[in-house]
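Everything below concerns the one structure shown next.
Heavy atoms only: backbone and side chains are in, while hydrogens, waters and symmetry mates are out. The structure presented is a predicted model; accordingly, all values stated were derived computationally and were not measured. Each residue takes its place number in the sequence, starting with 1.
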Amino acid sequence: MKTAEHSTQGVHIPLEELRYYGLPVGKWMERLFTLYGDRESLAGLGEARKELDRRGLLILDAHLTPLDIIASGVCLSWHLPISTCVLPVSAYDESSNPQSRWFFSRLGTIPGVEVYPVYRQEDQGYKGRREAYQAAVDENLVSESNVRFFRRSLLAVKTPHEAVLINPYNGVNRFGAELAPSVRKLMQVGMPGLCTLSIPDGSLCTKDGNELSYQTFVSDNVLRFTRDTENTAILDAIIHQHERLAQRAEAAGFFVTLRSHS
């Protein structure tokens, strides 16, 4: 599928500034992470542009693999007028995991990208993360970091051309498991949500088999809720959107695996 024409109305996050030992990582990302420009994706982007003229936008990515949510963020930053993207990341990945520490530390220095480390109780269930989580608890960092991200997100709700890129299920490969409390609260105060799903297209991968090239599918409409909307109704609506995205991707010839939600 031919990708959609770039249209950000003069607003663009300069990912070309992301470099690693002189290598143009940001430019590679912009070339490898592309929009699958079907009719539904274009409709969703059109609706999202109208929302961004009035307020902030919540980008709700299915996040099935570690890199796909970054692919979605890069793609939408290229096709939507987003001046600032607020990105919560696992505090463990941001500070303790050597494989991702470099990436997130550099990403946060790019104008228009704000990276906020957050802590999840689920980290206590992983051997490699349990010690780091407990140390953060002992130092009173857990609540402080999570509140800092949420307060910044509340500001983004009211600010045109700002976006919060987040996984609504509280972690990678947790499709439908739960609704992240921050997502529920942000949508209940009026932040519209656009669902995304990025799928490897098989055109480039590492020797270890890690996919590097992605196609992003966008929901054909923006989700909106009110303070009275119940948690389960919000979760069910987001799940439904991601299931529809998976169906569209499969119809386009991509292989998608969504874990069944309970």
Side chains of Gln215 and Ser198: do they bring a donor and an acceptor to under 3.5 Å?
no
Just how far is it from atom CZ of Arg248 to atom CZ of Phe254, taken to the nearest 0.5 Å?
11.5 Å
Can you tell me if Glu230 has over 12 outside heavy atoms packed within less than 6.0 Å of its CD?
no
To the nearest 0.5 Å, tell me how far Phe104 CZ sits from Leu87 CG.
6.5 Å
If two hydrophobic side chains count as joined below 4.5 Å and joins carry through other members, does Leu235 share a cluster with Val189?
yes
Okay, side chain of Arg174, backbone of Tyr169: is any donor-acceptor separation there less than 3.5 Å?
yes
Would Leu18 and Val113 satisfy side chain to side chain contact (heavy atoms under 4.5 Å, CB included), going step by step from the backbone distance to the final call?
CA-CA 11 Å; Leu18 182 61; Val113 179; over 6 Å; no
Side chains of Gln241 and Asn221: does their closest heavy-atom pair fall under 4.5 Å?
yes
Is there side-chain contact between Glu16 and Pro24, with heavy atoms separated by less than 4.5 Å?
no
Are Arg55 and Val157 close enough that some pair of their side-chain heavy atoms sits under 4.5 Å apart?
no
Side chain of Gln188, backbone of Thr229: donor and acceptor closer than 3.5 Å?
yes
Might you point out which heavy atoms bring Leu76 and Ile82 nearest each other, and give the distance in Å?
O-CD1, 3.9 Å
So, for Val86 and Ser153, which heavy atoms are closest and what is the spacing to 0.1 Å?
CG1-OG, 4.4 Å
Cationic N near anionic O, under 4.0 Å, Asp220 to Arg244
yes
Pairs meeting criterion salt bridge (Lys or Arg N to Asp or Glu O under 4.0 Å) with involvement of residues 190-205, two or more places apart
none
Minimal heavy-atom distance between Asn146 and Val118, with the atoms involved, is OD1-CA, 3.3 Å
Atom pair CG (Leu212) and CH2 (Trp28), whose distance is rounded to the nearest 0.5 Å:
10.0 Å
Does the Arg148 side chain pair with the main chain of Pro117, one donor and one acceptor, at a distance under 3.5 Å?
no
CZ of Arg224 to CD of Glu47: how many Å apart, nearest 0.5 Å?
4.5 Å
Search all heavy atoms of Ile238 against all heavy atoms of Met187 and return the closest pair with its distance.
CD1-SD, 4.2 Å
Could you give the distance from OG1 (Thr65) to OH (Tyr214), rounded to the nearest 0.5 Å?
3.5 Å
State, yes or no, whether a side-chain contact exists between Pro181 and Asn170 at a heavy-atom distance under 4.5 Å.
yes
State whether the side chain of Asn167 and the backbone N or O of Ala62 hold a donor-acceptor pair below 3.5 Å, judged by distance alone.
yes
Those residues that, when tested against His63, pass ring pair (Phe, Tyr, Trp, His ring centres under 6.0 Å) (two or more places apart):
none
If you define the side chain from C-beta out and look only at heavy atoms, does anything of His161 sit under 4.5 Å from Asp53?
yes
With a 4.5 Å cut-off on side-chain heavy atoms, are Leu45 and Leu35 touching?
yes
Decide yes or no on side chain to side chain contact (heavy atoms under 4.5 Å, CB included) for Glu243 and Phe175, but give the supporting numbers first.
CA-CA 10 Å; Glu243 289 176 336; Phe175 171 73; 3.8 Å; yes
Using 0.5 Å steps for rounding, measure from the CG atom of Leu154 to the CZ atom of Phe149.
9.5 Å
List the steps and the verdict of side chain to side chain contact (heavy atoms under 4.5 Å, CB included) for Thr109 and Glu17.
CA-CA 9 Å; Thr109 65; Glu17 295 189 15; over 6 Å; no
In this structure, would Val172 and Ile59 fall into the same cluster of hydrophobic residues linked by side-chain contacts under 4.5 Å?
no
Side chain to side chain contact (heavy atoms under 4.5 Å, CB included) assessment of Leu58 paired with Leu194:
CA-CA 6 Å; Leu58 198 59; Leu194 183 68; over 6 Å; no
Correct closest heavy-atom pair for Ser72 and Thr216 would be CA-OG1, 3.9 Å
Heavy-atom pair with the smallest gap, counting every atom of Asn173 and Leu64:
CB-O, 3.6 Å
